[in-house]
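Step one of this worksheet: look at the structure below.
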Protein chains: 2
Amino acid sequence: MYSIGNLSRHTQVKIPTIRFYEDKGLLPRPDRTAGNQRRYDDTALKRLLFIRHCRDLGLPLTDVEGLLSLEGASGGDLNQAHEIAERQLADLRDRISRLRSLEAELTRISKACDGKHDHVCAVLHAFGDHNECAGPHAHSK
Amino acid sequence: MYSIGNLSRHTQVKIPTIRFYEDKGLLPRPDRTAGNQRRYDDTALKRLLFIRHCRDLGLPLTDVEGLLSLEGASGGDLNQAHEIAERQLADLRDRISRLRSLEAELTRISKACDGKHDHVCAVLHAFGDHNECAGPHAHSK
DNA sequence: TGTAATTCCTCTAGTGACTAGAGGTTCAAG
DNA sequence: CTTGAACCTCTAGTCACTAGAGGAATTACA
Ligand SMILES: [Zn+2]
Ligand SMILES: [Zn+2]
Ligand SMILES: [Zn+2]
Ligand SMILES: [Zn+2]
């Protein structure tokens, strides 16, 4: 049996986060001591490690919830796991391509100024002026 | 003079967001009509476009604020604009490299399952097990 | 001038995924 | 049995907005 602090140390998930997951229903309410403190078993440990790894992979909690509900499922239901993986991958690729075009734009902006700063700074100007940009950009995360 | 709706149309910034920027001090409080409605001039329009472009480039509002305070500055103070640009660029590159390693990992996970789903799904399993992963990952945004 | 449609006002609360802190209780070691 | 660490609940704060309620002002048209 693990106290919440021990569980935290084993999983690298911070204590308030563990309680937050419990509130959200991602972790079942654990047993308590006579003094009302939480005690976890290995099942809870595994479940929390699962959540943590999904989060590290960038999945939102709603998807983590979906995957957790698939534990013990079989047959076609398991295709939902594939869907989640592919959706996340597509999202990731989209984000990467947007971030790369932002990188190009910011590189240009960074180099724009000669550093003399007599009256103006070309970097400052470029930050405000989209006309100098190569293409559109919507950052979104 | 623009009403808030007109300003919104000219800048593609949503009305509640304009009011939010005013609350945050990024936009000065505009004049009001006798009936208490906001009226903006071209200076406000330009300032809002500046903010919007910075946001599109991914700058947090604190940096936008810093850049706005540099308008009209000269000399060494303008180096702060360069610092902001380079910090943002470094942050961007860091994010891209982390997202790319995530992409590799998710690609592997996606391909892990043969789709038979007799009893288990290898995708679902891979989501929970970091031992199969090539390296560490901390997603963070 | 009347009236109806549109736009505007303030205020509160919600998003996602936590994090920080206050004020108090329980546990474990010596 | 005492001390100090770890635990409890609850509230509020983070970032950058977004949505909605309930009401007032403006604009367009007849
Ligand atoms: Zn410069
Ligand atoms: Zn641009
Ligand atoms: Zn599968
Ligand atoms: Zn992993």
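Just so we're on the same page: letters track the sequence lines, and every chain starts at 1.
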Is the number of heavy atoms from other residues, nucleotides or ligands under 6.0 Å of B/Arg32 CZ greater than 12?
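Above 12, so yes.
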Using a cut-off of strictly less than 4.0 Å between a heavy atom of the residue and any atom of DNA chain D, enumerate the qualifying residues of residues 37-44 of chain A by number.
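Per residue number, the list reads A/Gln37, A/Arg38.
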Give me the one residue out of B/Asp41, B/Thr11, B/Asp42 that meets side chain to side chain donor-acceptor pair (under 3.5 Å) with B/Tyr2.
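That would be B/Asp42.
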Below 4.0 angstrom from OP1 or OP2 of C/dT7, is there any side-chain N or O of B/Ser3?
no
C/dC27, OP1 or OP2 - any side-chain N/O from A/Thr33 closer than 4.0 Å?
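Answer yes for this pair, as a side-chain N or O of A/Thr33 is under 4.0 Å from OP1 or OP2.
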Please report, rounded to the nearest Å, how far the P atom of C/dT6 is from the CD1 atom of B/Ile4.
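Taking CD1 of B/Ile4 and P of C/dT6, I get 19 Å after rounding.
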What I want to find out is whether B/Glu22 reaches B/Arg38 closely enough, with some N-O distance under 4.0 Å, to be called a salt bridge.
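A salt bridge links B/Glu22 with B/Arg38.
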Looking at A/Glu132 and A/Arg108, is there a salt bridge between them, counting it only when a charged N and a carboxylate O are closer than 4.0 Å?
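Salt bridge: yes.
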For [X], which residues count as a ring pair (Phe, Tyr, Trp, His ring centres under 6.0 Å) partner, sequence neighbours excluded?
X	result
A/His117	B/His82
B/Phe20	none
B/Tyr21	none

Touch check for A/Arg32, heavy atoms < 4.0 angstrom, all strands: base, sugar-phosphate only, or nothing?
sugar-phosphate
Extract from the structure each pairing of a protein N or O with an N or O of nucleotides 16-22 of chain C at less than 3.5 Å, listing the distance.
residue	atom	partner	partner atom	Å
C/dA17	OP2	A/Leu61	N	3.3
C/dC18	OP2	A/Tyr21	OH	2.7
C/dC18	OP2	A/Arg55	NE	2.8
C/dT19	OP2	A/Thr17	OG1	2.8

All salt bridge (charged side-chain N to carboxylate O under 4.0 Å, His left out) counterparts of A/Asp91, not counting sequence neighbours
A/Arg95
